[in-house]
Amino acid sequence: MTDDEVLAEFRAADALLEGHFILSSGLRSPRYLQCARVLMDPRRGARLAEALAARIPAELRQRISAVVAPAMGGVIAGHEMARALGVEAMFVERPTGTFELRRGFRLAPAQEVLMMEDVVTTGLSSREAIAAITAAGGRVVAGAALVDRSNGQADIGVPFFPLIRLDVPTYAADSLPPELAAIPAIKPGSRAAA
């Protein structure tokens with residue numbers, strides 16, 4: 001799947017938004033990709049996950065025995081990726097502010113895991129999810145995401161495979177360009193601003 005084909009999937013789902021958005025990192029952006037909307041259609045989600053799974057080298061794909069995603073945004077993306085890889089899907093969540101496996105999810109000691117995100121901007125949530133997976137006994141051998149908003153700048157500490165990389169500018173709230181400052185800010189994500 002080419003970048004244009006991936007963006008066409010987002011446009012078809014009305015998931016490529018323009019405006020003034022507050023990202024989960026607290027940064028501001030003039031564009032937002034709402035992965036929840038693109039994943040509303042299970043067939044579209046399956047197509048995207050299959051295309052992403054194909055980008056992971058075969059020798060690495062064969063080692064992965066589970067996909068773990070951070071809740072909330074990564075849950076559906078993680079499930080679709082697990083389906084594409086033919087492995088179990090789990091997620092970590094923050095009941096007390098720190099990611100952890102719950103709901104009876106378990107990882108075998110040193111079980112090789114793919115950490116799956118919907119969108120990566122700074123990589124902070126990915127690194128926190130990887131730390132939780134490691135604390136639960138798993139070994140994260142790679143990370144993946146539908147969208148890398150960092151344009152390749154985020155370092156999550158393991159090999160990282162995004163379906164698409166976008167160079168979307170982000171700004172601190174106190175250093176917005178005038179055209180963005182003139183538009184009311186919207187918080188479309190699932191987590192309060194950091």
Side-chain angles (χ1 to χ4, degrees), residues 15 17 19-29 31-40 45 49 64-82 87-162 166 168 170-176 184-194:
L17 310 176
H20 178 180
F21 303 99
I22 304 171
L23 306 176
S24 62
S25 64
L27 297 173
R28 308 296 180 94
S29 178
R31 287 179 36 199
Y32 188 82
L33 291 169
Q34 181 56 274
C35 287
R37 285 206 47 89
V38 82
L39 294 169
M40 284 175 51
I64 296 166
S65 61
V67 173
V68 179
M72 245 333 272
V75 172
I76 296 172
H79 191 271
E80 288 300 330
M81 180 57 84
V87 300
E88 291 184 326
M90 296 175 239
F91 56 88
V92 291
E93 55 190 312
R94 302 175 194 261
T96 61
T98 303
F99 278 131
E100 60 184 88
L101 278 179
R102 299 181 64 203
R103 303 175 191 266
F105 294 144
R106 286 183 207 85
L107 294 168
Q111 183 174 355
E112 294 186 313
V113 173
L114 174 76
M115 188 284 308
M116 178 68 188
E117 285 264 33
D118 55 349
V119 178
V120 170
T121 301
T122 65
L124 177 61
S125 289
S126 297
R127 290 187 302 274
E128 291 173 348
I130 289 168
I133 295 164
T134 302
R139 190 163 77 82
V140 178
V141 295
L146 293 177
V147 179
D148 175 6
R149 283 184 50 105
S150 78
N151 197 32
Q153 299 303 305
D155 178 4
I156 66 169
V158 294
F160 177 52
F161 301 93
L166 295 177
V168 179
T170 57
Y171 308 95
D174 61 357
S175 61
L176 298 174
I186 299 168
K187 176 78 177 93
S190 62
R191 191 161 53 116

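These numbers were taken from a predicted model, which means no experiment stands behind them.
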[X] side chain near [Y] side chain, heavy-atom distance below 4.5 Å:
X: Leu23; Y: Arg28; value: no
X: Glu88; Y: Phe105; value: no
X: Leu176; Y: His20; value: yes
X: Thr122; Y: Leu27; value: yes

Mind checking the [atom1]-[atom2] spacing from [X] to [Y]? Nearest 0.5 Å is all I need.
X: Met90; Y: Leu107; atom1: CE; atom2: CG; answer: 4.5 Å
X: His79; Y: Phe91; atom1: NE2; atom2: CZ; answer: 10.5 Å
X: Glu128; Y: Thr98; atom1: CD; atom2: OG1; answer: 7.5 Å
X: Ile130; Y: Phe99; atom1: CD1; atom2: CZ; answer: 11.0 Å
X: Arg37; Y: Tyr32; atom1: CZ; atom2: OH; answer: 12.5 Å
X: Leu39; Y: Asp118; atom1: CG; atom2: CG; answer: 7.5 Å

Could you tell me which non-hydrogen atom of [X] sits nearest to which non-hydrogen atom of [Y], and how far apart they are?
X: Ser126; Y: Ile156; value: CB-CG2, 3.5 Å
X: Phe160; Y: Val120; value: CZ-CG2, 3.7 Å
X: Met115; Y: Ala129; value: CG-CB, 4.1 Å
X: Met116; Y: Pro70; value: O-CD, 3.2 Å
X: Ile64; Y: Val113; value: CG2-C, 4.5 Å
X: Gly78; Y: Ala69; value: CA-CB, 4.0 Å

Short side-chain to backbone donor-acceptor contact, Arg127 and Asp155, under 3.5 Å
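Such a contact is found between Arg127 side chain and Asp155 backbone.
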
Exercise answer: donor-acceptor pairs, residues 136-148 side-chain atoms, under 3.5 Å, sequence neighbours excluded:
from	atom 1	to	atom 2	distance (Å)
Arg139	NH2	Glu112	OE2	2.4
Asp148	OD1	Ser150	N	2.8
Asp148	OD1	Ser150	OG	2.5
Asp148	OD2	Gly152	N	3.0
Asp148	OD2	Arg165	NE	3.0

Do we see a donor-acceptor contact under 3.5 Å between the side chains of Arg149 and Ser29?
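Short answer, yes.
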
Apply side-chain contact (heavy atoms from CB on, under 4.5 Å) to residues Cys35 and Glu117 and explain how you reach the verdict.
CA-CA 10 Å; Cys35 287; Glu117 285 264 33; over 6 Å; no

